[in-house]
Amino acid sequence: MDLSDGVTVRSATPGDFDPIVAVVDDWWGRPISHNLSRLFLDHFAGTSLVAELDGTLVGFLIGFLSPDQPTHAYVHFVGVNPESRRTGLARHLYELFFDIARAGHRTVVHAITAPVNTRSIAFHSALGFECSAPVADYDGPGVDRVVFTRQL
Ligand SMILES: CC(C)(COP(=O)(O)OP(=O)(O)OC[C@H]1O[C@@H](n2cnc3c(N)ncnc32)[C@H](O)[C@@H]1OP(=O)(O)O)[C@@H](O)C(=O)NCCC(=O)NCCS
């Protein structure tokens with residue numbers, strides 16, 4: 001799919017792991033790459049998306065259809081190059097993922113973020129996600145998370 005500014009979006013492949021993991025700490029502005037294992041691209045590339053401009057990575061979404069919760073889909077990571085932000089690219093990636101989820105008969109999309117990530121909270125709110133209060137110890141002792149939920 002082509003966006004008006006020349007950005008193209010395609011399905012991810014396992015080979016996208018290396019270029020993605022190389023940029024996430026920079027794009028997030030904090031160490032985050034430890035949360036992105038190769039398994040996500042090895043096993044969920046078919047439901048994940050890569051955005052490129054002139055062949056260079058400018059955005060991605062890593063998501064999957066829950067194997068255990070047949071009505072649920074989950075977005076693990078979404079990121080956009082700082083230079084390409086506020087152009088609607090992440091919204092576009094999410095809308096494509098919603099289409100993938102609907103095609104898989106999913107009715108709910110979940111994601112989580114750290115309470116410090118106010119940008120992510122603002123973004124998910126703008127896309128119609130319900131945002132929980134921070135859930136204490138969600139991902140283990142001292143690891144609080146905000147939970148996002150959107151009905152499709
Ligand atoms: C969060 C992120 C993915 C948003 O990407 P983006 O392409 O800039 O988002 P979009 O342009 O599609 O924004 C859609 C809407 O979300 C909201 N939004 C996005 N970024 C925002 C920000 N920094 N502050 C407030 N609202 C924001 C706005 O309502 C925006 O619409 P508008 O530009 O018309 O006002 C991007 O900032 C990013 O990569 N951040 C670092 C990684 C990260 O935190 N990922 C999320 C957790 S996994």
Side-chain angles (χ1 to χ4, degrees), residues 1-12 16-66 69 72-102 106 108-140 142-152:
M1 172 166 284
D2 289 326
L3 296 180
S4 58
D5 58 2
V7 174
T8 59
V9 179
R10 59 171 173 78
S11 292
D16 290 313
F17 173 76
D18 294 293
I20 289 173
V21 81
V23 298
V24 290
D25 289 352
D26 180 38
W27 288 12
W28 262 247
R30 58 193 166 96
I32 195 83
S33 55
H34 55 279
N35 287 333
L36 182 63
S37 302
R38 186 178 292 277
L39 74 86
F40 287 101
L41 275 303
D42 279 350
H43 297 282
F44 303 116
T47 51
S48 299
L49 298 159
V50 165
E52 295 169 316
L53 180 62
D54 297 330
T56 299
L57 179 73
V58 292
F60 66 90
L61 181 153
I62 295 174
F64 57 89
L65 308 185
S66 172
Q69 300 185 43
H72 288 207
Y74 187 88
V75 174
H76 181 57
F77 262 45
V78 61
V80 169
N81 182 331
E83 294 173 7
S84 301
R85 289 185 188 161
R86 303 305 288 266
T87 67
L89 179 53
R91 181 190 293 275
H92 182 61
L93 292 172
Y94 255 100
E95 286 172 352
L96 293 174
F97 183 74
F98 292 158
D99 289 343
I100 292 168
R102 287 189 192 97
R106 307 302 161 125
V108 185
V109 177
H110 282 296
I112 61 170
T113 202
V116 296
N117 197 341
T118 53
R119 194 166 45 202
S120 175
I121 294 168
F123 167 72
H124 285 88
S125 297
L127 265 66
F129 281 84
E130 293 174 23
C131 305
S132 78
V135 180
D137 303 331
Y138 181 94
D139 262 339
V143 186
D144 303 352
R145 292 288 180 258
V146 171
V147 179
F148 302 126
T149 304
R150 189 185 189 283
Q151 307 294 324
L152 293 180

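On a predicted model such as this, the values are computed, not experimentally measured, just so you know. All ligand and atom numbering here is 1-based and tracks the order in the structure.
Checking R86, R85, H124, R30 against atom 41 (C) of ligand 1, the nearest heavy atom belongs to R85. Of the listed residues (V78, V24, L89), the one carrying the non-hydrogen atom nearest atom 48 (S) of ligand 1 is V78.
Among protein heavy atoms, atom 13 (O) of ligand 1 sits closest to F123 CD1, 3.8 Å. In this structure, the protein non-hydrogen atom closest to atom 39 (O) of ligand 1 is V80 N, 2.8 Å. When hydrogens are left out, the protein atom nearest atom 11 (O) of ligand 1 is G88 N, 2.8 Å; that is the closest non-hydrogen contact.
Taking the ring-ring contact (aromatic ring centres under 6.0 Å, His included) definition, one finds that F17 meets it with nothing, sequence neighbours left out. Every residue two or more places apart in sequence or in another chain that forms a side-chain hydrogen bond (donor to acceptor under 3.5 Å, both in side chains) with D99 is listed here: R102.
Looking at F129 and Y94, their side chains come closer than 4.5 Å, going by heavy atoms from C-beta outward. Between D18 and R38, some side-chain heavy-atom pair lies under the 4.5 Å cut-off.
Contact record, H124 with F148: ND1-CE1, 3.4 Å, taken as the closest heavy-atom pair.
A salt bridge does not link D137 with R145: every distance from a Lys NZ or Arg NE/NH1/NH2 to an Asp or Glu carboxylate oxygen is 4.0 Å or more.
Near R119, the atoms of ligand 1 lying under 4.0 angstrom from a non-hydrogen atom of the residue are 22 (C), 23 (N), 37 (O), 40 (N), 41 (C). Close approach of ligand 1 to A126 is summarised as follows: ligand atoms under 4.0 Å from at least one heavy atom of the residue are 15 (C), 16 (O), 17 (C), 29 (O). Listed by atom number, the atoms of ligand 1 under 4.0 Å from G79 heavy atoms are 39 (O). Each of the following atoms of ligand 1 lies closer than 4.0 Å to a heavy atom of S120: 46 (C), 47 (C). Close approach of ligand 1 to W27 (heavy-atom distance below 4.0 Å) involves ligand atoms 41 (C).
Checked against the 6.0 Å centroid criterion, the rings of F77 and W28 qualify as a close aromatic pair.
Contacts between N117 and ligand 1, counted as non-hydrogen atom pairs separated by less than 4.0 Å, involve the side chain only. Contacts between A90 and ligand 1 below 4.0 angstrom, taking non-hydrogen atoms only, involve backbone and side chain alike.
Using a distance-only test at 3.5 Å, with no hydrogens or angles considered, a donor-acceptor pair links the side chain of D25 to the main chain of S33. Formation of a donor-acceptor pair under 3.5 Å by the R150 side chain with backbone atoms of L127 is found in this model. Judged by distance alone, with hydrogens and angles left aside, the side-chain atoms of S84 form no donor-acceptor pair with the main-chain N or O of V80 at under 3.5 Å.
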- request: Dump the intermediate steps for ring-ring contact (aromatic ring centres under 6.0 Å, His included) on F40 and H76, then the final yes or no.
  value: CA-CA 9 Å; F40 287 101; H76 181 57; 4.0 Å; yes
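For atom 5 (O) of ligand 1, a protein heavy-atom neighbour is found at a distance under 4.0 Å. Protein heavy atoms all stay at least 4.0 Å away from atom 2 (C) of ligand 1.
For ligand 1, the polar-atom distance check against I112 finds no nitrogen or oxygen pair separated by under 3.5 Å. The shortest N or O to N or O distance between A122 and ligand 1 is not under 3.5 Å. Checked against a 3.5 angstrom limit, the closest N/O atoms of R91 and ligand 1 fall inside it.
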